[in-house]
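A short write-up of the structure that comes next.
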2 protein chains.
Amino acid sequence: MNLDDIDRRILRALQRDGRMPNNELAKAVGLSASPCLRRVKLLEDAGVIDRYVAVLNPAKIGKGLTFFTRIWLKAQDEDTIEHFAAEVAKLPQVLECYLMLGDCDAMVRVVAADIHDYRRFQSEHLSRIKGVQNVKTDVPSQTVKQTSELPLS
Amino acid sequence: MNLDDIDRRILRALQRDGRMPNNELAKAVGLSASPCLRRVKLLEDAGVIDRYVAVLNPAKIGKGLTFFTRIWLKAQDEDTIEHFAAEVAKLPQVLECYLMLGDCDAMVRVVAADIHDYRRFQSEHLSRIKGVQNVKTDVPSQTVKQTSELPLS
DNA sequence: AGAATATTCGCAACCAAATTGCGAACTAAT
DNA sequence: ATTAGTTCGCAATTTGGTTGCGAATATTCT
(Lines give C-alpha, C1' and ligand atoms only; values in the text may rest on other atoms or scores of the structure.)
Protein backbone atom coordinates (compact mmCIF):
# COMPACT_ATOMS: atom_id res chain seq x y z
CA MET A 1 0.00 0.00 0.00
CA ASN A 2 1.37 3.33 -1.06
CA LEU A 3 0.30 6.30 1.01
CA ASP A 4 0.36 9.80 -0.36
CA ASP A 5 0.32 13.04 1.56
CA ILE A 6 -3.48 13.23 1.76
CA ASP A 7 -3.67 9.68 3.10
CA ARG A 8 -1.22 10.58 5.83
CA ARG A 9 -3.25 13.64 6.73
CA ILE A 10 -6.37 11.48 6.93
CA LEU A 11 -4.61 8.97 9.18
CA ARG A 12 -3.21 11.68 11.43
CA ALA A 13 -6.65 13.21 11.82
CA LEU A 14 -8.42 9.92 12.51
CA GLN A 15 -5.78 8.87 15.02
CA ARG A 16 -6.69 11.99 16.99
CA ASP A 17 -10.42 11.75 16.51
CA GLY A 18 -11.74 8.47 15.19
CA ARG A 19 -15.24 9.88 15.00
CA MET A 20 -14.48 13.05 13.09
CA PRO A 21 -17.37 13.49 10.66
CA ASN A 22 -16.39 12.83 7.07
CA ASN A 23 -17.30 16.36 5.96
CA GLU A 24 -15.03 17.86 8.55
CA LEU A 25 -12.25 15.42 7.74
CA ALA A 26 -12.58 16.26 4.05
CA LYS A 27 -12.17 19.96 4.77
CA ALA A 28 -9.21 19.28 7.04
CA VAL A 29 -7.33 17.33 4.36
CA GLY A 30 -8.35 19.57 1.45
CA LEU A 31 -10.81 17.31 -0.33
CA SER A 32 -14.53 17.12 -0.85
CA ALA A 33 -16.61 14.59 1.01
CA SER A 34 -16.90 11.69 -1.41
CA PRO A 35 -13.26 11.18 -2.43
CA CYS A 36 -12.31 11.60 1.20
CA LEU A 37 -14.71 8.88 2.26
CA ARG A 38 -13.48 6.67 -0.54
CA ARG A 39 -9.91 7.00 0.68
CA VAL A 40 -10.94 6.17 4.25
CA LYS A 41 -12.70 3.02 3.02
CA LEU A 42 -9.63 2.02 1.00
CA LEU A 43 -7.43 2.52 4.07
CA GLU A 44 -9.83 0.37 6.09
CA ASP A 45 -9.95 -2.36 3.43
CA ALA A 46 -6.17 -2.37 3.10
CA GLY A 47 -5.93 -2.86 6.86
CA VAL A 48 -3.99 0.35 7.38
CA ILE A 49 -6.84 1.43 9.61
CA ASP A 50 -7.31 -1.66 11.74
CA ARG A 51 -10.30 -0.56 13.79
CA TYR A 52 -11.90 2.26 15.74
CA VAL A 53 -12.05 2.23 19.52
CA ALA A 54 -13.29 4.30 22.41
CA VAL A 55 -10.45 5.17 24.77
CA LEU A 56 -11.53 5.10 28.40
CA ASN A 57 -9.98 7.04 31.25
CA PRO A 58 -8.44 4.28 33.41
CA ALA A 59 -8.68 6.34 36.61
CA LYS A 60 -12.43 6.80 36.13
CA ILE A 61 -13.09 3.07 36.14
CA GLY A 62 -10.79 2.13 38.96
CA LYS A 63 -7.78 1.07 36.89
CA GLY A 64 -5.60 4.11 37.36
CA LEU A 65 -2.26 2.43 37.96
CA THR A 66 0.05 0.71 35.49
CA PHE A 67 2.52 -1.99 36.49
CA PHE A 68 5.27 -3.55 34.43
CA THR A 69 6.00 -7.10 35.39
CA ARG A 70 8.98 -9.10 34.20
CA ILE A 71 8.51 -12.84 34.29
CA TRP A 72 10.98 -15.71 34.41
CA LEU A 73 9.75 -19.18 33.49
CA LYS A 74 11.01 -22.47 34.88
CA ALA A 75 11.87 -23.64 31.37
CA GLN A 76 11.98 -22.11 27.90
CA ASP A 77 10.60 -24.98 25.88
CA GLU A 78 7.74 -24.51 23.41
CA ASP A 79 5.09 -26.06 25.68
CA THR A 80 5.91 -23.97 28.73
CA ILE A 81 5.97 -20.75 26.74
CA GLU A 82 2.81 -21.51 24.76
CA HIS A 83 0.87 -22.42 27.88
CA PHE A 84 2.00 -19.28 29.65
CA ALA A 85 1.11 -17.11 26.65
CA ALA A 86 -2.35 -18.62 26.35
CA GLU A 87 -3.11 -18.21 30.06
CA VAL A 88 -1.78 -14.70 30.44
CA ALA A 89 -3.70 -13.55 27.36
CA LYS A 90 -6.92 -14.56 29.11
CA LEU A 91 -6.37 -12.20 32.02
CA PRO A 92 -8.27 -8.96 31.43
CA GLN A 93 -5.96 -6.99 33.72
CA VAL A 94 -3.11 -7.72 31.30
CA LEU A 95 -3.20 -5.16 28.51
CA GLU A 96 0.09 -6.13 26.91
CA CYS A 97 2.31 -9.18 26.99
CA TYR A 98 5.57 -9.67 25.13
CA LEU A 99 7.90 -12.64 25.05
CA MET A 100 11.48 -11.47 25.50
CA LEU A 101 14.80 -12.85 24.34
CA GLY A 102 17.16 -11.25 26.82
CA ASP A 103 17.11 -11.04 30.59
CA CYS A 104 13.56 -12.18 31.35
CA ASP A 105 11.20 -14.48 29.46
CA ALA A 106 8.19 -12.21 29.29
CA MET A 107 7.05 -8.72 30.12
CA VAL A 108 3.47 -7.71 30.79
CA ARG A 109 1.72 -4.42 31.37
CA VAL A 110 -0.99 -4.69 33.99
CA VAL A 111 -3.62 -2.19 35.12
CA ALA A 112 -5.02 -2.15 38.64
CA ALA A 113 -6.87 0.12 41.04
CA ASP A 114 -4.01 0.33 43.53
CA ILE A 115 -1.05 -1.58 44.87
CA HIS A 116 -3.20 -3.98 46.86
CA ASP A 117 -5.31 -4.74 43.84
CA TYR A 118 -2.12 -5.46 41.93
CA ARG A 119 -0.63 -7.71 44.62
CA ARG A 120 -3.82 -9.74 44.65
CA PHE A 121 -3.67 -10.06 40.90
CA GLN A 122 -0.03 -11.15 41.01
CA SER A 123 -0.45 -13.80 43.67
CA GLU A 124 -3.86 -15.09 42.63
CA HIS A 125 -3.51 -15.07 38.87
CA LEU A 126 -0.07 -14.35 37.48
CA SER A 127 2.07 -16.47 39.80
CA ARG A 128 -0.38 -19.33 39.60
CA ILE A 129 0.16 -19.86 35.89
CA LYS A 130 2.00 -23.14 35.43
CA GLY A 131 5.66 -22.64 34.60
CA VAL A 132 6.07 -19.23 36.19
CA GLN A 133 9.18 -19.27 38.33
CA ASN A 134 9.67 -15.66 39.36
CA VAL A 135 8.22 -12.22 38.77
CA LYS A 136 9.58 -8.73 39.35
CA THR A 137 7.37 -5.67 39.23
CA ASP A 138 8.38 -2.19 38.14
CA VAL A 139 6.14 0.72 39.04
CA PRO A 140 6.21 3.93 37.04
CA SER A 141 6.29 6.98 39.29
CA GLN A 142 5.00 9.21 36.52
CA THR A 143 3.60 8.86 33.05
CA VAL A 144 5.39 11.28 30.75
CA LYS A 145 3.70 10.21 27.54
CA GLN A 146 1.09 7.69 26.56
CA THR A 147 -0.32 7.75 23.07
CA SER A 148 -1.61 5.42 20.41
CA GLU A 149 -0.69 7.81 17.60
CA LEU A 150 1.84 6.24 15.29
CA PRO A 151 4.25 8.55 13.45
CA LEU A 152 3.58 8.81 9.70
CA SER A 153 6.99 9.02 8.06
CA MET B 1 -19.32 8.35 38.71
CA ASN B 2 -21.29 5.23 39.37
CA LEU B 3 -21.52 2.72 36.57
CA ASP B 4 -24.31 0.21 36.35
CA ASP B 5 -24.39 -2.97 34.35
CA ILE B 6 -25.72 -1.31 31.21
CA ASP B 7 -22.99 1.34 31.34
CA ARG B 8 -20.39 -1.38 31.51
CA ARG B 9 -21.92 -3.14 28.54
CA ILE B 10 -21.84 0.13 26.59
CA LEU B 11 -18.19 0.68 27.48
CA ARG B 12 -17.24 -2.86 26.56
CA ALA B 13 -18.94 -2.52 23.19
CA LEU B 14 -17.42 0.87 22.38
CA GLN B 15 -13.96 -0.29 23.39
CA ARG B 16 -14.28 -2.94 20.70
CA ASP B 17 -15.91 -0.77 18.09
CA GLY B 18 -15.81 2.96 18.71
CA ARG B 19 -17.93 3.60 15.65
CA MET B 20 -20.73 1.18 16.39
CA PRO B 21 -23.96 2.95 15.35
CA ASN B 22 -26.10 3.99 18.26
CA ASN B 23 -29.04 1.86 17.11
CA GLU B 24 -26.91 -1.24 17.04
CA LEU B 25 -25.32 -0.39 20.37
CA ALA B 26 -28.76 0.10 21.89
CA LYS B 27 -29.85 -3.35 20.75
CA ALA B 28 -26.62 -4.90 22.02
CA VAL B 29 -27.09 -3.50 25.53
CA GLY B 30 -30.85 -4.02 25.69
CA LEU B 31 -32.06 -0.45 25.43
CA SER B 32 -33.77 1.70 22.83
CA ALA B 33 -31.84 4.31 20.91
CA SER B 34 -32.46 7.49 22.86
CA PRO B 35 -31.65 6.38 26.41
CA CYS B 36 -28.61 4.57 25.04
CA LEU B 37 -27.34 7.71 23.35
CA ARG B 38 -28.02 9.70 26.49
CA ARG B 39 -25.87 7.31 28.52
CA VAL B 40 -23.05 7.51 26.00
CA LYS B 41 -23.11 11.32 26.19
CA LEU B 42 -23.07 11.17 29.98
CA LEU B 43 -20.09 8.82 29.90
CA GLU B 44 -18.32 11.22 27.54
CA ASP B 45 -19.13 14.26 29.68
CA ALA B 46 -17.98 12.49 32.82
CA GLY B 47 -14.69 11.71 31.10
CA VAL B 48 -15.14 7.97 31.44
CA ILE B 49 -14.94 7.88 27.66
CA ASP B 50 -11.92 10.04 27.02
CA ARG B 51 -11.93 10.04 23.22
CA TYR B 52 -12.35 7.95 20.09
CA VAL B 53 -9.40 6.99 17.93
CA ALA B 54 -8.59 5.06 14.79
CA VAL B 55 -6.13 2.26 15.50
CA LEU B 56 -3.64 1.79 12.70
CA ASN B 57 -1.76 -1.37 11.81
CA PRO B 58 1.87 -0.48 12.62
CA ALA B 59 3.27 -2.98 10.12
CA LYS B 60 1.31 -1.38 7.29
CA ILE B 61 2.90 2.02 7.79
CA GLY B 62 6.43 0.84 8.35
CA LYS B 63 6.42 0.82 12.15
CA GLY B 64 6.09 -2.87 12.75
CA LEU B 65 8.62 -3.32 15.54
CA THR B 66 8.37 -2.34 19.19
CA PHE B 67 11.39 -1.65 21.36
CA PHE B 68 11.55 -1.13 25.10
CA THR B 69 14.34 1.14 26.17
CA ARG B 70 15.48 1.65 29.73
CA ILE B 71 17.24 4.91 30.36
CA TRP B 72 19.67 6.01 33.07
CA LEU B 73 20.22 9.71 33.59
CA LYS B 74 23.41 11.40 34.77
CA ALA B 75 21.53 12.94 37.70
CA GLN B 76 18.08 12.62 39.24
CA ASP B 77 17.39 16.25 40.07
CA GLU B 78 14.19 17.98 39.04
CA ASP B 79 15.78 19.91 36.15
CA THR B 80 17.44 16.92 34.53
CA ILE B 81 14.32 14.82 34.74
CA GLU B 82 11.98 17.57 33.55
CA HIS B 83 14.17 18.38 30.59
CA PHE B 84 14.42 14.75 29.62
CA ALA B 85 10.65 14.27 29.92
CA ALA B 86 9.91 17.32 27.79
CA GLU B 87 12.34 16.29 25.06
CA VAL B 88 11.38 12.63 24.89
CA ALA B 89 7.69 13.53 24.72
CA LYS B 90 8.38 15.46 21.52
CA LEU B 91 9.72 12.41 19.69
CA PRO B 92 6.94 10.86 17.59
CA GLN B 93 8.61 7.44 17.60
CA VAL B 94 8.10 7.34 21.39
CA LEU B 95 4.60 6.07 22.10
CA GLU B 96 5.01 5.71 25.84
CA CYS B 97 7.40 7.09 28.41
CA TYR B 98 7.37 6.41 32.15
CA LEU B 99 9.63 7.71 34.88
CA MET B 100 10.72 4.85 37.12
CA LEU B 101 11.70 4.66 40.75
CA GLY B 102 13.73 1.48 40.82
CA ASP B 103 16.56 0.24 38.67
CA CYS B 104 16.43 2.71 35.77
CA ASP B 105 15.23 6.31 35.60
CA ALA B 106 12.86 5.98 32.67
CA MET B 107 11.38 3.45 30.32
CA VAL B 108 10.10 4.22 26.84
CA ARG B 109 8.29 2.22 24.20
CA VAL B 110 9.49 3.04 20.71
CA VAL B 111 8.18 1.95 17.32
CA ALA B 112 10.42 1.61 14.29
CA ALA B 113 10.51 -0.03 10.87
CA ASP B 114 13.41 -2.33 11.70
CA ILE B 115 16.49 -2.61 13.87
CA HIS B 116 18.47 -0.16 11.78
CA ASP B 117 15.70 2.38 11.96
CA TYR B 118 15.72 1.94 15.72
CA ARG B 119 19.48 2.27 16.06
CA ARG B 120 19.37 5.51 14.11
CA PHE B 121 16.61 6.78 16.38
CA GLN B 122 18.57 5.82 19.49
CA SER B 123 21.84 7.45 18.48
CA GLU B 124 20.42 10.49 16.72
CA HIS B 125 17.57 11.38 19.04
CA LEU B 126 17.39 9.48 22.30
CA SER B 127 21.04 9.48 23.33
CA ARG B 128 21.42 13.11 22.34
CA ILE B 129 18.95 14.34 24.93
CA LYS B 130 20.90 16.26 27.57
CA GLY B 131 21.31 14.27 30.77
CA VAL B 132 21.03 10.81 29.25
CA GLN B 133 23.88 8.68 30.55
CA ASN B 134 23.06 5.19 29.35
CA VAL B 135 20.36 3.26 27.53
CA LYS B 136 19.57 -0.44 27.29
CA THR B 137 17.15 -1.81 24.74
CA ASP B 138 14.92 -4.86 25.13
CA VAL B 139 13.37 -6.39 22.04
CA PRO B 140 10.22 -8.48 22.26
CA SER B 141 10.52 -11.65 20.21
CA GLN B 142 6.76 -12.06 20.07
CA THR B 143 3.69 -10.05 20.97
CA VAL B 144 1.33 -12.27 22.93
CA LYS B 145 -1.28 -9.65 23.66
CA GLN B 146 -1.76 -6.01 22.86
CA THR B 147 -5.05 -4.36 23.63
CA SER B 148 -6.48 -1.06 24.74
CA GLU B 149 -9.53 -2.68 26.30
CA LEU B 150 -9.66 -1.98 30.01
CA PRO B 151 -11.37 -4.55 32.24
CA LEU B 152 -14.69 -3.38 33.67
CA SER B 153 -14.81 -4.81 37.19
C1' DA C 1 -47.40 0.30 53.38
C1' DG C 2 -48.64 3.95 50.43
C1' DA C 3 -48.20 8.31 48.24
C1' DA C 4 -45.24 11.69 46.23
C1' DT C 5 -41.01 12.60 43.85
C1' DA C 6 -37.35 11.65 40.90
C1' DT C 7 -35.32 9.14 37.44
C1' DT C 8 -35.11 6.66 33.25
C1' DC C 9 -37.40 4.74 29.46
C1' DG C 10 -39.49 4.40 24.58
C1' DC C 11 -41.94 6.43 20.75
C1' DA C 12 -42.16 9.59 16.97
C1' DA C 13 -40.76 13.49 14.41
C1' DC C 14 -36.96 16.07 12.92
C1' DC C 15 -32.36 17.06 11.44
C1' DA C 16 -27.71 15.97 10.01
C1' DA C 17 -24.40 13.07 8.09
C1' DA C 18 -23.02 9.02 5.30
C1' DT C 19 -23.30 6.92 0.99
C1' DT C 20 -23.88 6.21 -3.99
C1' DG C 21 -23.88 7.26 -9.12
C1' DC C 22 -22.28 9.82 -12.63
C1' DG C 23 -20.15 13.27 -15.43
C1' DA C 24 -15.93 16.33 -15.44
C1' DA C 25 -11.13 17.30 -14.64
C1' DC C 26 -6.67 15.92 -14.09
C1' DT C 27 -2.51 12.81 -14.88
C1' DA C 28 0.36 9.82 -17.38
C1' DA C 29 1.77 7.15 -21.11
C1' DT C 30 2.06 6.19 -25.98
C1' DA D 1 -1.33 15.51 -29.04
C1' DT D 2 -4.50 11.93 -28.00
C1' DT D 3 -6.09 8.23 -25.33
C1' DA D 4 -6.56 5.51 -21.18
C1' DG D 5 -6.77 5.53 -16.45
C1' DT D 6 -7.52 7.58 -12.24
C1' DT D 7 -9.44 10.76 -9.01
C1' DC D 8 -12.33 14.47 -8.28
C1' DG D 9 -16.81 17.11 -7.07
C1' DC D 10 -21.79 17.65 -7.31
C1' DA D 11 -26.40 16.16 -6.26
C1' DA D 12 -29.77 12.76 -4.83
C1' DT D 13 -30.79 9.13 -1.70
C1' DT D 14 -30.52 6.59 2.33
C1' DT D 15 -29.19 5.93 6.86
C1' DG D 16 -28.29 7.16 11.39
C1' DG D 17 -28.16 10.88 15.09
C1' DT D 18 -30.90 13.97 17.87
C1' DT D 19 -34.63 16.08 20.49
C1' DG D 20 -39.18 16.56 23.12
C1' DC D 21 -42.58 14.56 25.59
C1' DG D 22 -45.69 11.31 27.81
C1' DA D 23 -45.47 6.69 30.20
C1' DA D 24 -43.36 3.47 33.21
C1' DT D 25 -40.29 2.24 36.76
C1' DA D 26 -37.67 3.00 40.84
C1' DT D 27 -36.90 5.65 45.21
C1' DT D 28 -37.75 8.22 49.23
C1' DC D 29 -40.34 9.99 52.99
C1' DT D 30 -44.11 9.90 56.06
Side-chain angles (χ1 to χ4, degrees), chain A residues 1-63 147-153, chain B residues 1-63 147-153:
Chain A
M1 178 99 197
N2 227 332
L3 303 176
D4 68 10
D5 204 58
I6 293 179
D7 291 323
R8 278 188 287 271
R9 269 182 280 182
I10 289 173
L11 294 174
R12 266 189 282 267
L14 289 178
Q15 280 196 107
R16 298 206 177 185
D17 179 3
R19 277 194 167 186
M20 181 182 285
N22 184 59
N23 285 324
E24 207 178 309
L25 177 64
K27 246 173 273 169
V29 304
L31 234 55
S32 70
S34 62
C36 181
L37 184 67
R38 216 169 312 153
R39 277 169 181 265
V40 171
K41 295 292 177 200
L42 285 173
L43 290 166
E44 290 171 359
D45 292 345
V48 177
I49 297 174
D50 188 57
R51 61 193 197 281
Y52 299 89
V53 301
V55 177
L56 308 190
N57 183 333
K60 294 278 171 88
I61 57 170
K63 296 287 164 186
T147 181
S148 56
E149 288 180 41
L150 293 169
L152 289 158
S153 69
Chain B
M1 179 101 196
N2 229 331
L3 302 176
D4 67 11
D5 204 58
I6 292 179
D7 290 323
R8 278 188 287 271
R9 268 181 282 182
I10 288 174
L11 294 175
R12 265 189 283 266
L14 288 179
Q15 281 195 107
R16 287 183 194 231
D17 179 4
R19 278 193 167 185
M20 181 182 286
N22 184 60
N23 284 324
E24 207 178 309
L25 178 63
K27 246 173 274 169
V29 304
L31 235 55
S32 70
S34 61
C36 180
L37 184 66
R38 216 169 311 153
R39 279 169 180 264
V40 172
K41 296 289 177 200
L42 286 173
L43 291 166
E44 290 170 0
D45 292 346
V48 177
I49 296 175
D50 187 58
R51 63 192 197 281
Y52 299 89
V53 301
V55 177
L56 308 190
N57 182 334
K60 294 277 170 93
I61 56 169
K63 297 287 165 185
T147 181
S148 56
E149 287 180 40
L150 293 169
L152 290 157
S153 67

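Residue numbering restarts at 1 for every chain, and letters A, B, ... go by the order of the sequence lines.
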Would you tabulate the pairs of protein nitrogen or oxygen atoms and nucleotide nitrogen or oxygen atoms of nucleotides 17-23 of chain C closer than 3.5 angstrom?
from: C/dA18; atom 1: OP1; to: A/Asn22; atom 2: N; distance (Å): 2.9
from: C/dA18; atom 1: OP2; to: A/Asn22; atom 2: N; distance (Å): 3.2

Item to check | Residues that B/Glu24 engages under side chain to side chain donor-acceptor pair (under 3.5 Å), provided they are two or more places apart | outcome: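 Per chain and number, B/Glu24 pairs via side chain to side chain donor-acceptor pair (under 3.5 Å) with no residue.
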Next on the checklist: Using the side chain to side chain donor-acceptor pair (under 3.5 Å) criterion, which residues pair with A/Glu149? Sequence neighbours excluded.
Outcome noted: A/Arg16
Item to check | Summary of side-chain hydrogen bond (donor to acceptor under 3.5 Å, both in side chains) pairs that have at least one residue in residues 30-42 of chain B, sequence neighbours excluded | outcome: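 Of all non-adjacent pairs touching residues 30-42 of chain B, those that pass side-chain hydrogen bond (donor to acceptor under 3.5 Å, both in side chains) are B/Asp4-B/Arg39, B/Asp7-B/Arg39.
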In whole Å, I'd like the distance from the [atom1] atom of [X] to the [atom2] atom of [N].
| X | N | atom1 | atom2 | result |
| --- | --- | --- | --- | --- |
| B/Leu42 | C/dC9 | CG | P | 10 Å |
| A/Leu43 | D/dT7 | CG | C1' | 15 Å |
| B/Ile6 | D/dA26 | CD1 | P | 11 Å |
| B/Asp5 | D/dA26 | CG | P | 15 Å |
| B/Lys27 | D/dT15 | NZ | P | 13 Å |
| A/Asp4 | C/dT27 | CG | C1' | 14 Å |
| A/Ile10 | D/dT7 | CD1 | P | 12 Å |
| A/Leu25 | D/dG9 | CG | P | 13 Å |

Residues in side chain to side chain contact (heavy atoms under 4.5 Å, CB included) contact with [X], at least two apart in sequence or another chain:
| X | result |
| --- | --- |
| A/Asp5 | A/Arg8, A/Arg9 |
| A/Ala26 | A/Cys36 |
| B/Asp50 | none |

Item to check | Heavy-atom side-chain contact between B/Asp17 and B/Arg19 under 4.5 Å | outcome: yes
Next on the checklist: In the structure I gave you, are the side-chain heavy atoms of A/Leu11 and A/Leu150 within less than 4.5 Å of one another anywhere?
Outcome noted: no
Listed pairs under 3.5 Å, donor-acceptor, residues 53-63 of chain A side chains, sequence neighbours left out:
from: A/Asn57; atom 1: OD1; to: A/Ala59; atom 2: N; distance (Å): 3.0
from: A/Lys60; atom 1: NZ; to: B/Ala46; atom 2: O; distance (Å): 2.7

Checklist entry - Any stems for DNA chain C, made of 3 or more Watson-Crick or G-U pairs in a row, each with both distances under 3.5 Å? => result C:1-13 with D:18-30, C:15-30 with D:1-16
